[in-house]
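Below is one structure, written out as structure tokens, with a few remarks after it.
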Amino acid sequence: RVEHFAFIEDMTEARSTSQKLIVNEAFLSMSPVPIISINGEGRIELFSAAAEQCFGYSAVEVIGENITIIMPPEIRPKHDSFLSLFHKTGNKTAIDQTLTVTAVRRNGF
């Protein structure tokens with residue numbers, strides 16, 4: 001298992017539904033820090049080269065998958081319940097928060 005620093009931010013208001021978050025490809029490929037972006041349903045939209053190295057998955061494998069793929073089993077339900085609560089009530093339990101989270105590599109560690 002790996003501990004990572006995460007800043008989770010609600011980007012809904014910052015972009016229209018037809019607009020995609022545009023990120024400099026060179027920055028993503030050169031950054032030593034794993035960068036992962038998810039949509040409002042918790043599905044991975046962006047998975048940097050450093051994330052590929054860190055977690056052992058290729059971007060092709062995880063784009064469209066739920067972010068819980070890299071979470072320990074014991075916290076996966078919490079993530080989905082936070083998203084569900086946010087969509088129902090607007091309560092940002094973990095959104096716009098800086099968190100230290102535990103993640104799991106493809107090999108389970």
Pairs touching residues 79-91 that satisfy salt bridge (Lys or Arg N to Asp or Glu O under 4.0 Å), sequence neighbours left out: none
same_hphob_cluster(M71, I36) at 4.5 Å side-chain heavy-atom cutoff: yes
Side chains of L85 and N91 in contact at under 4.5 Å (non-hydrogen atoms): yes
Distance in Å, T68 OG1 paired with I44 CD1, rounded so as to fall on 0.5 Å steps: 8.5 Å
Any donor-acceptor pair under 3.5 Å from S81 side chain to K78 backbone: yes
Contact check, side chains of F47 and I63, non-hydrogen atoms, under 4.5 Å: yes
Spacing of CD1 belonging to I70 relative to CZ belonging to R106, to within rounding of 0.5 Å: 13.0 Å
Extract all donor-acceptor atom pairs below 3.5 Å that involve side chains of residues 50-59 and protein atoms in other chains or at least two apart in sequence.
from, atom 1, to, atom 2, distance (Å)
E52, OE2, A59, N, 2.7
S58, OG, E61, N, 3.2
S58, OG, E61, OE1, 3.2

side-chain hydrogen bond (donor to acceptor under 3.5 Å, both in side chains) involving S48 - partner list, sequence neighbours excluded: none
Result of checking I38, N39, V62 against E45 for side chain to side chain contact (heavy atoms under 4.5 Å, CB included): N39
Salt bridge (Lys or Arg N to Asp or Glu O under 4.0 Å): pairs with one or both residues in residues 28-40, sequence neighbours excluded: none
Residue pair L46, I35: steps toward the side chain to side chain contact (heavy atoms under 4.5 Å, CB included) verdict: CA-CA 7 Å; L46 180 117; I35 299 171; 3.7 Å; yes
Close side-chain approach of H79 and I67, heavy atoms under 4.5 Å: yes
